[in-house]
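Naming: A, B, ... by sequence-line order, numbering from 1 per chain.
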Amino acid sequence: MPWFKRKSAGIKTASSARNEVPDGQWVKCPGCSETVNRRELEKQRMVCPKCDYHFKMSSTGYFELLFDGKYELFDTNLQALDPLEFTDRKAYTDRLEAARAKTGQMDAAQAAVGEMGGHPISISAMDFSFIGGSMGSVVGEIVARSIRRGYERGMPVMVITQSGGARMMEGALSLMQMAKTSAHLTKLSEAGLPFFVLLTNPTTGGVTASFAMLGDVHIAEPGALIAFAGPRVIRETMGQDLPEGFQTSEFLKEGGFVDLIIDRRTLREEVIHLLDLLMEKDSTKTKTKRKPKKQKA
Amino acid sequence: MQQKKKAHLLDFERPLFELEEKLEEMRLIRNEEEGEDLASSISALEERVSDLRTSIYQNLTRWQRVLIARHPDRPYSLDHIEALTEGFVELHGDRLFGDDPAIVGGFAKFKGSRYGSKDQTVMILGHQKGRDTMSRKYRRFGMPNPEGYRKAIRLMKMAARFGKPIITLLDTPGAFPGQEAEERGQAQAIAMNLFEMARLPVPIIVVVIGEGASGGALGIGVGDRMLMLENAWYSVISPENCSAILWRSWDYKEEAARALKLTAPDLISLGIVDEVIGEPMGGAHRDPDVTFEGVGRAIASNLTELQKLSTEDLLTARINNFDSMGAFKEA
């Protein structure tokens, strides 16, 4: 008889739990392998104080970072169904349940309205920790409604992308979310309102091939992976070896697909500056003083 | 109906073809010998062939439909264009980088009067696959590069300027996943097409004629009507890639095909496809003329309906249609 017994077989850590900031007071930075104090990291907006590596941040984290203070959440009651009754090694409904328990959210995106530097703005943000930030019907609907809120109320719109792409478990319905969100963006464009995209690590697949690449201004966080077909897909299907830095924010900026690369610690003031420029109501009144671009290090 | 023997047999069709061959042999013998007692065994065999054919083709699994959609003899975009139109002028290039042979398109006269409406000039375009090793490579297996999508939208915008309706034919295993495609902005090219197609002020009819894989298909697939051939497939990912990601193995493509609900009848029930176009038994390649007839009639009737709408109503309906797609509840 064994001295101790394993209660269940196999490793239980979900694959989606990798690449996330582990609990505990000390965190090892994937950028520089140094150990960073969690409190310090949080103070730095989840950016490594030693090497500027941008850890993943949640949608709530971005709302807290960007809005002037209070903001109103919308559509928190949207709930995914299982239209395909999809099962792979695991049932989709079980995956959803696990993701909800893990994140405390209903799905992989949240939408809010608030002000930035006094400018009303409609923002939606994705969460990689919820099934890889994948876009199914709920994420598509949240993003689409957030865009609609913009053109119906005359506000600029921003979306913060963090996604592996369209969600396989909802099949073609996920694919159609690309068309849905893009269709709503035509209305925003007609209304003459700006659309900002903040591309964070990673943004790939159907999300990149729809609203993430339809911004008036594309802002990327440093070092983010931004792609249609990710490096693993290209390597496996084409057998191509890829150059270093391929598909990073910096690479996309050089290629002409990203306007600005902005450190998260100065993101809020940079976006407010853009809003000041584009949404001027009274040109004599400046809303915020723009601090010189200096990174706390 | 006598089946012409095909060089390309799908595995699940083999028993049927073996039986058909046997029947053929017996018929030859009868012709030579005029044997009376053969007649009854021939008619029995005929019945067996007919039963087997029905049982195979009326109970196709989703994976078997994927195989039919990929059949090397299946009619491709240029075959449809040749059958449905006259005077096709293929136009080339995106005016930015180059021409992509994986997407073909141009103006042509749609032979509407043959299908119950009227002849009219249309912009018709689609993914194009090759038939042999050389042309497959040339067409990149129907996997477009960014310049393909940019050519497509250039042609569609031109059509809109001249008030010509647009017909797009979807048949791709996906957008090309290569380094250069990424460098030239594959995602941006597809995204821009989704945006522009959502507001083009002319009717757009989308027909899935073969494979509809993911954003690579949707990149020319936003329109007012979505028609789909009976054995075509359309989903967010191919069964093989879905298997590789979710099962972490290439061996679960049949399970993945089942799970993805990617057939035409599936997409009708998901509210994505408007109309399924029937195929001859065994697939579109068994009788291409019957296939083209069905496609032509479906395009003609939908075009007639759409051309009754004002531009404003057309665009509102298009956006509302996509807006309604999705399955969720408000708890």
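- If you measure heavy-atom distances from A:Gln247 to chain B, the contacts under 4.5 Å come from the side chain alone.
- Looking only at side-chain heavy atoms (C-beta outward), B:Leu260 and A:Phe86 come within less than 4.5 Å of each other.
- In terms of heavy-atom pairs under 4.5 angstrom with chain A, the leader among B:Gly212, B:Ser235, B:Gly221, B:Gly271 is B:Ser235.
- Ranking A:Leu185, A:Asp82, A:Thr186 against chain B, the residue ahead of the rest is A:Thr186, based on heavy-atom pairs under 4.5 Å.
- The line from CG of A:Leu81 to NZ of B:Lys329 is 6.5 Å long, rounded to the nearest 0.5 Å.
- The shortest heavy-atom contact between A:Ala209 and B:Ile190 is O-CG2, 3.8 Å.
- Residues of residues 136-143 of chain A lying within less than 4.5 angstrom of chain B, judged on heavy atoms, are A:Ser137, A:Val138, A:Glu141 in numerical order.
- Counting heavy-atom pairs closer than 4.5 Å to chain A, the top-ranked of the candidates B:Ile237, B:Asn321, B:Asp266, B:Ile272 is B:Ile272.
- With rounding to the nearest 0.5 Å, the separation of CZ in A:Arg89 from CZ in B:Arg248 is 4.5 Å.
- No other option in B:Arg318, B:Lys261, B:Glu196, B:Arg199 has as many heavy-atom pairs under 4.5 Å with chain A as B:Lys261.
- Counting heavy atoms from C-beta on, the side chains of B:Leu246 and A:Met169 come closer than 4.5 Å.
- The part of A:Phe246 that comes within reach of chain B is its side chain, from C-beta onward, which places non-hydrogen atoms under 4.5 angstrom from that chain.
- Contact record, B:Pro177 with A:Val233: CB-CG1, 4.5 Å, taken as the closest heavy-atom pair.
- In terms of non-hydrogen atom pairs under 4.5 Å with chain A, the most contact-rich of B:Gly215, B:Gly326, B:Ala331, B:Ala256 is B:Ala331.
- For A:Arg167, the part lying under 4.5 angstrom from a heavy atom of chain B is the backbone only.
- Contact annotation for B:Glu330: both backbone and side-chain heavy atoms come within less than 4.5 Å of a heavy atom of chain A.
- Once rounded to the nearest 0.5 Å, the distance linking CG of A:Leu252 with CD of B:Gln188 reads 10.5 Å.
- Both the backbone and the side chain of A:Thr208 come within less than 4.5 Å of a heavy atom in chain B.
- Counting heavy atoms from C-beta on, the side chains of B:Met226 and A:Met176 come closer than 4.5 Å.
- Taking 4.5 Å as the limit, some side-chain heavy atom of B:Leu270 sits within range of a side-chain heavy atom of A:Leu84.
- Annotation: B:Arg136, atom CZ; neighbour count of heavy atoms from other residues, nucleotides and ligands within 6.0 Å is above 12.
- A heavy-atom distance below 4.5 Å is found between the side chains of B:Tyr234 and A:Leu175.
- Judged purely by atom type and a 3.5 angstrom limit, B:Glu182 uses its side chain to pair as donor or acceptor with the backbone of A:Ala229.
- Side-chain atoms of A:Gln177 come within 3.5 Å of backbone N or O of B:Met325 as a donor-acceptor pair.
- Heavy atoms of B:Arg184 lying under 4.5 Å from chain A belong exclusively to its backbone.
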Could you check B:Phe322 against A:His184 for side chain to side chain contact (heavy atoms under 4.5 Å, CB included), going step by step and ending with a plain yes or no? CA-CA 9 Å; B:Phe322 283 101; A:His184 279 284; over 6 Å; no
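- For B:Glu275, the CD atom is densely surrounded, since the number of other residues' heavy atoms within 6.0 Å is greater than 12.
- Under a cut-off of 6.0 angstrom, the local environment of CD in A:Glu254 is sparse, with at most 12 non-hydrogen atoms contributed by other residues, nucleotides or ligands.
- A heavy-atom distance below 4.5 Å is found between the side chains of A:Met238 and B:Phe176.
- The 12-atom threshold is exceeded at CZ of A:Phe196, counting heavy atoms of other residues, nucleotides or ligands nearer than 6.0 Å.
- Every residue two or more places apart in sequence or in another chain that forms a side chain to side chain contact (heavy atoms under 4.5 Å, CB included) with A:Ser182 is listed here: A:Ser210, A:Leu214, B:Leu194.
- The one candidate from B:Asp323, B:Ile319, B:Val222 that meets the side chain to side chain contact (heavy atoms under 4.5 Å, CB included) condition with A:Lys180 is B:Asp323.
- Proximity to chain B is absent for every atom of A:Thr76, based on heavy atoms less than 4.5 angstrom apart.
- Taking A:Phe251, A:Tyr92, A:Phe257 one by one and counting their heavy-atom pairs under 4.5 Å with chain B, the maximum is reached by A:Phe257.
- Among the candidates A:Ala179, A:Ala144, A:Ser189, the residue making the largest number of heavy-atom pairs closer than 4.5 Å to chain B is A:Ala179.
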Yes or no on side chain to side chain contact (heavy atoms under 4.5 Å, CB included) for A:Leu242 and B:Gln179, after CA distance, side-chain angles and deciding distance? CA-CA 7 Å; A:Leu242 300 168; B:Gln179 183 183 337; 3.9 Å; yes
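- In this structure, chain B has no heavy atom under 4.5 Å from any part of A:Phe211.
- At a 4.5 Å heavy-atom cutoff, the contact between B:Ile245 and chain A is made by side-chain atoms alone.
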